[in-house]
Peer 1: 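Let me give you the structure first, and then I'll get to my questions.
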Amino acid sequence: MQGARNASPGMPAMQLFLDTASIDEVRAAARYGVISGVTTNPSLLAKEGGVSYRQRIQEIAAVIDGPISAECISRTADELVAEARELASWHPNVVVKIPIDAEGLEAIHRCSKEGIRVNVTLIFSANQALLAALAGAAYLSPFVGRLDDVGHDGMELVRQCVEIVETHGLQARVLAASLRHPLHVTQAALAGAHIATIPPSLLPQMLKHPLTDVGIERFLDDARKAGLLKG
Ligand SMILES: O=C(CO)[C@@H](O)[C@H](O)[C@H](O)[C@H](O)COP(=O)(O)O
């Protein structure tokens with residue numbers, strides 16, 4: 001992780017990943033030193049006007065020295081494994097994303113046995129998360145916002161994933177995904193998510209507080225009165 005120190009020895013600090021395929025957004029966020037990885041998906045890539053996926057992943061990996069998720073689009077286990085090998089060959093930091101279904105579960109198992117790190121995506125239940133973790137997933141991605149959209153408590157799934165992983169000493173890390181607003185990030189941190197992947201628009205929203213702006217203005221006024229500042 002780029003700037004943080006662990007609160008207690010042996011306990012990894014929570015990490016923030018950026019959820020984008022835009023190199024400009026990655027560069028803009030990287031300067032703060034709070035982004036430890038990047039997640040991409042076909043929908044995010046589609047916004048990038050036909051750029052090669054491989055080239056974009058390599059550009060991102062040159063800016064962020066951490067896990068970069070690239071998503072598989074194959075639908076059978078054999079094809080998923082072949083595609084995962086290809087994506088993983090693009091850069092040593094690539095983590096391949098595989099959706100959780102029957103073919104996906106077999107592919108997760110086979111990839112993890114080969115040493116390819118897998119981020120299991122489109123997780124909407126605790127049992128999907130358990131199966132993915134048992135198959136050897138490196139990351140579990142519960143989709144918070146999309147569960148909220150259909151009237152469920154997306155953050156409760158994050159809590160359940162964390163509890164399952166920690167109760168049973170599983171290796172997988174819980175990566176809260178489909179986060180839509182700053183409160184989601186706070187809630188993911190409090191739920192014990194190991195990682196939250198955030199759309200770039202959330203970063204300034206997390207940072208900003210009107211009372212901070214008012215406070216800065218007040219201090220500047222007083223600094224003028226005290227003669228510390230001219231004009
Ligand atoms: O990689 C992941 C999760 O591992 C993310 O890119 C994940 O696909 C995105 O967070 C979601 O697709 C965004 O979901 P939504 O806000 O569009 O519903």
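Just so we're clear, the structure is a prediction, and the values are computed from it rather than from any experiment. Each ligand, and each atom within it, is numbered from 1 in the order the structure gives.
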Peer 1: Does any N or O atom in Ser178 lie less than 3.5 angstrom from one in ligand 1, N or O only?
Peer 2: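 Min N/O separation from ligand 1 is below 3.5 Å for Ser178.
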Peer 1: Taking Arg218 first and then Asp221, would you say they form a salt bridge - that is, a charged N and a carboxylate O separated by under 4.0 Å?
Peer 2: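 Looking at Arg218 and Asp221, the cut-off is not met.
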Peer 1: Compute whether any side-chain donor of one residue and acceptor of the other, for Ser69 and Tyr139, lie under 3.5 angstrom apart.
Peer 2: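 Checked: Ser69/Tyr139 side chains show no N/O donor-acceptor pair below 3.5 Å.
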Peer 1: Taking Arg110 first and then Glu106, would you say they form a salt bridge - that is, a charged N and a carboxylate O separated by under 4.0 Å?
Peer 2: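 Glu106 and Arg110: salt-bridged.
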Peer 1: Of Asp19, Asp149, Asp148, which is the lone residue that meets salt bridge (charged side-chain N to carboxylate O under 4.0 Å, His left out) with Arg180?
Peer 2: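 Passing option: Asp149.
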Peer 1: Examine the proximity of ligand 1 to Phe143 and report which part, side chain or backbone, both or neither, has a heavy atom under 4.0 Å away.
Peer 2: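 The answer is the side chain of Phe143.
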Peer 1: Which one of Asp19, Asp148, Thr40 has a non-hydrogen atom at the shortest distance from atom 6 (O) of ligand 1?
Peer 2: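 Among Asp19, Asp148, Thr40, the closest heavy atom to atom 6 (O) of ligand 1 comes from Asp19.
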Peer 1: Please state which option from Asn41, Leu140, Ile198 has its nearest heavy atom closest to atom 8 (O) of ligand 1.
Peer 2: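 Minimum heavy-atom distance to atom 8 (O) of ligand 1 goes to Asn41.
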Peer 1: Just by distance, no angles: are the side chains of Glu166 and His194 close enough, under 3.5 Å, to form a donor-acceptor pair?
Peer 2: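 Indeed, the side chains of Glu166 and His194 share at least one donor-acceptor pair under 3.5 Å.
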Peer 1: Please state which protein non-hydrogen atom is closest to atom 1 (O) of ligand 1 and give its distance, to 0.1 Å?
Peer 2: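 Checking every protein heavy atom, the shortest distance to atom 1 (O) of ligand 1 gives Lys97 NZ, 2.5 Å.
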Peer 1: Would you mind listing which atoms of ligand 1 come within a distance below 4.0 Å of any non-hydrogen atom of Arg146?
Peer 2: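 Counting from 1, the qualifying ligand atoms are 12 (O), 14 (O), 15 (P), 17 (O), 18 (O).
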Peer 1: What part of Ser141, side chain, backbone, both or neither, has a heavy atom within less than 4.0 angstrom of ligand 1?
Peer 2: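 Under 4.0 Å from ligand 1, Ser141 contributes side-chain atoms alone.
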Peer 1: Using a 4.0 Å heavy-atom cut-off, say whether Arg180 meets ligand 1 through its side chain, its backbone, both or neither.
Peer 2: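 Just the side chain.
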Peer 1: One thing to verify: whether Arg75 and Asp101 come together as a salt bridge, which I'm taking to mean a side-chain N less than 4.0 angstrom from a carboxylate O.
Peer 2: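 So Asp101 pairs with Arg75 through a salt bridge.
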